[in-house]
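Have a look at the structure below, then the notes.
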Amino acid sequence: MVFEDCLKRNAELYPQKTAVVCGDMACTYEQLYQRTLTRMEELEKQYVKGQIVCVRVSSTIEYVVTYFALHMMGCVAAPMEHDMPESAFESVRRQLEPLGTPEGTADVLYTTGTTGEPKGVMVSHQAIIADAENLIDGQGFTHELAFVVNGPLNHIGSLSKIYPVMMLGATLILVDGLKDINVFFKAFDYPADKMATFLVPASIRIILQFSADRLAAYADKIDFIETGAAAISSGDMAHLCRILPNSRLYNTYASTETGIICTYNFNDGKCEAGCLGRPMKNSGIFITEQGMIACHGKTLMTGYAGEPKRTLSVLRDGVVYTSDFGVIDAEGMLHLSGRMGDVINVGGFKVIPTDVEDAAMSFPGLRECVCISVEHPITGSALKLLVAMEDGLVLNKRALALHLKNQLETYKIPLLYEQVEAVRRTFNGKIDRKSYRESS
């Protein structure tokens with residue numbers, strides 16, 4: 001079975017139901033299926049079954065149709081950034097398209113490369129179906145739901161939301177990021193009783209800072225919001241709970257390599273920062289002796305395309321060994337402690353930068369920040385906090401240091417502070433820690 005079998009079934013069961021909406025354009029399930037079949041006939045003139053096909057992503061119905069058509073004809077889709085330079089696109093295409101992939105491979109998805117070189121992750125049709133089932137069971141997707149996707153459709157955070165929506169015959173609404181906040185909120189005017197979306201923490205912060213009242217106006221329609229891809233601050237979690245008191249608010253543990261693993265509704269009265277919930281129905285986790293999170297189950301990647309040695313360094317005996325530190329509490333809930341490559345050694349003390357950043361985020365007027373390591377003549381390295389303030393505000397370094405002193409152990413308090421215009425982020429909202437390490 002492939003995921004696209006759902007399209008034919010939905011075209012028969014719900015032919016006139018709206019399947020996908022993009023701006024002023026929409027198509028029903030019957031139209032979506034017919035357009036996919038037509039597109040498949042066009043692509044069959046260019047590609048053969050099993051071939052890896054690189055395609056530029058876009059938040060359009062046409063892209064969704066092409067993505068489905070590639071799967072239906074037995075090709076492997078390799079979604080690439082829409083604005084990727086042509087030379088880079090061609091370089092990746094030349095590397096990927098001659099490669100063979102295991103039977104049942106659906107996609108090759110590239111990681112963001114924030115902690116190392118980008119890698120082409122092979123994802124199977126089985127993993128796609130298992131991810132869909134995890135989200136349906138873990139977050140309560142329903143046939144009546146309208147889901148707003150506003151992130152890049154070549155990464156698991158947003159791409160994975162297509163799966164449960166299409167599997168259940170729900171409605172998918174495509175928005176091209178938060179470039180125009182009015183377009184994002186207009187999507188929630190869609191005539192559905194239940195709506196949901198996925199937002200990375202950086203997008204949540206923008207909305208809470210500048211449009212919290214507009215989000216609150218849709219509180220009765222928002223069934224749930226999911227976040228992931230990076231750590232969300234405890235302050236933003238609490239703020240979101242206040243303005244959406246009756247909505248489910250999920251923090252999810254997932255990655256390209258592992259698929260969708262755990263989720264936690266932090267609007268449970270506890271609002272635990274760093275908590276990622278229990279494994280979903282098709283997944284399992286354990287903590288290694290080194291304190292790292294290991295994942296098993298049906299959602300795992302098949303491997304890295306063309307890189308068997310790199311695959312073996314991560315995937316062994318049906319287990320993906322991640323670079324994330326974590327603990328499992330007495331209730332079976334996963335708590336994330338940070339990433340191996342992000343930990344900063346200061347005079348023998350191990351500092352997880354997100355601990356510092358989370359504490360700093362509650363400082364008045366602070367918009368965003370990143371904790372980095374810099375050279376120090378005595379300790380070898382020291383903590384430096386780069387801070388972006390709200391428009392017109394100037395950072396009071398002493399006040400921020402005192403603020404952190406009341407919340408953190410002494411060794412976690414940065415020695416240096418610098419005000420910056422903005423924190424460097426990847427296109428999908430993660431702090432670009434790799435760029436800071438390379439420039440330090």
Side-chain angles (χ1 to χ4, degrees), residues 1-44 53 55 57-75 77 79 106-107 123 125-154 156 158-176 183 186-198 221-224 226 260:
M1 177 183 177
V2 298
F3 172 75
E4 281 67 24
D5 292 339
C6 299
L7 298 184
K8 181 178 181 181
R9 183 200 64 201
N10 290 342
E12 295 171 350
L13 294 177
Y14 325 111
Q16 300 309 310
K17 180 167 183 180
T18 301
V20 188
V21 178
C22 182
D24 295 329
M25 296 182 290
C27 69
T28 65
Y29 271 102
E30 183 176 54
Q31 293 168 335
L32 178 63
Y33 181 59
Q34 291 303 320
R35 287 179 64 171
T36 302
L37 290 178
T38 300
R39 182 62 174 145
M40 181 177 69
E41 292 175 358
E42 296 170 353
L43 293 170
E44 284 176 334
V53 180
V55 57
V57 302
S58 61
S59 298
T60 62
I61 297 174
E62 189 57 38
Y63 169 71
V64 173
V65 166
T66 298
Y67 176 74
F68 289 156
L70 287 170
H71 286 174
M72 286 179 69
M73 63 183 284
C75 283
D107 295 339
V123 179
H125 287 284
Q126 173 189 274
I128 285 176
I129 292 170
D131 280 329
E133 292 175 345
N134 271 3
L135 287 166
I136 291 168
D137 184 68
Q139 297 182 350
F141 279 73
T142 64
H143 174 70
E144 295 77 24
L145 188 72
F147 196 99
V148 179
V149 169
N150 66 92
L153 291 174
N154 57 321
I156 193 168
S158 293
L159 182 60
S160 63
K161 305 311 173 290
I162 292 179
Y163 311 148
V165 170
M166 293 290 107
M167 183 173 282
L168 293 170
T171 299
L172 182 71
I173 302 177
L174 300 175
V175 176
D176 190 11
V183 173
K186 184 180 179 181
F188 286 87
D189 290 329
Y190 183 80
D193 293 331
K194 292 183 177 182
M195 301 197 68
T197 192
F198 171 84
K221 290 187 70 172
I222 296 177
D223 190 29
F224 65 90
E226 181 195 9
I260 314 297

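No experiment lies behind these values; they were computed from the predicted model shown.
- Atoms SG and CD1, from Cys6 and Ile129 in turn, are 7.0 Å apart once rounded to the nearest 0.5 Å.
- Between the Thr18 side chain and the Thr28 main chain, no donor and acceptor come within less than 3.5 Å of each other.
- The existence of a salt bridge linking Glu42 and Arg39 is confirmed by a sub-4.0 Å separation between a basic side-chain nitrogen and an acidic carboxylate oxygen.
- Looking only at side-chain heavy atoms (C-beta outward), Glu62 and Arg35 come within less than 4.5 Å of each other.
- Using a distance-only test at 3.5 Å, with no hydrogens or angles considered, a donor-acceptor pair links the side chain of His71 to the main chain of Ala106.
- Across Leu7 and Thr36, no two heavy atoms sit closer than the pair CD1-OG1, 4.2 Å.
- Using bins of under 30°, 30° to 60° and over 60° for the plane-to-plane angle, the ring pair Phe224/Phe147 lands in the tilted bin.
- For the pair Leu145/Asp223, a side-chain contact is recorded, criterion being any heavy-atom separation below 4.5 Å from C-beta on.
- Remark: the backbone N or O of Ile136 is not paired with any side-chain donor or acceptor of Gln139 at under 3.5 angstrom.
- Between the side chain of Asn150 and the backbone N or O of Phe198, at least one donor-acceptor pair lies under 3.5 Å.
- Environment of NZ in Lys221: crowded, with over 12 heavy atoms of neighbouring residues, nucleotides or ligands closer than 6.0 Å.
- Using a 30° and 60° split on the angle between ring planes, Tyr163 and Tyr67 fall in the parallel class, below 30°.
- With contacts defined as side-chain heavy-atom distances shorter than 4.5 Å, the pair Leu70/Met40 does not qualify.
- Salt bridge Lys17/Glu30: absent, no basic N to carboxylate O contact under 4.0 Å.
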Derivation and outcome, side chain to side chain contact (heavy atoms under 4.5 Å, CB included), residues Val123 and Ile156: CA-CA 10 Å; Val123 179; Ile156 193 168; over 6 Å; no
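- In this structure the side chain of Leu172 reaches within 4.5 angstrom of the side chain of Met166, judged on heavy atoms.
- Cation-pi geometry between Lys8 and Tyr33 is not met at under 6.0 angstrom from the ring centre and within 45 degrees of the axis.
- Residue-environment remark: CG (Asp189) exceeds the threshold of 12 foreign heavy atoms within 6.0 Å.
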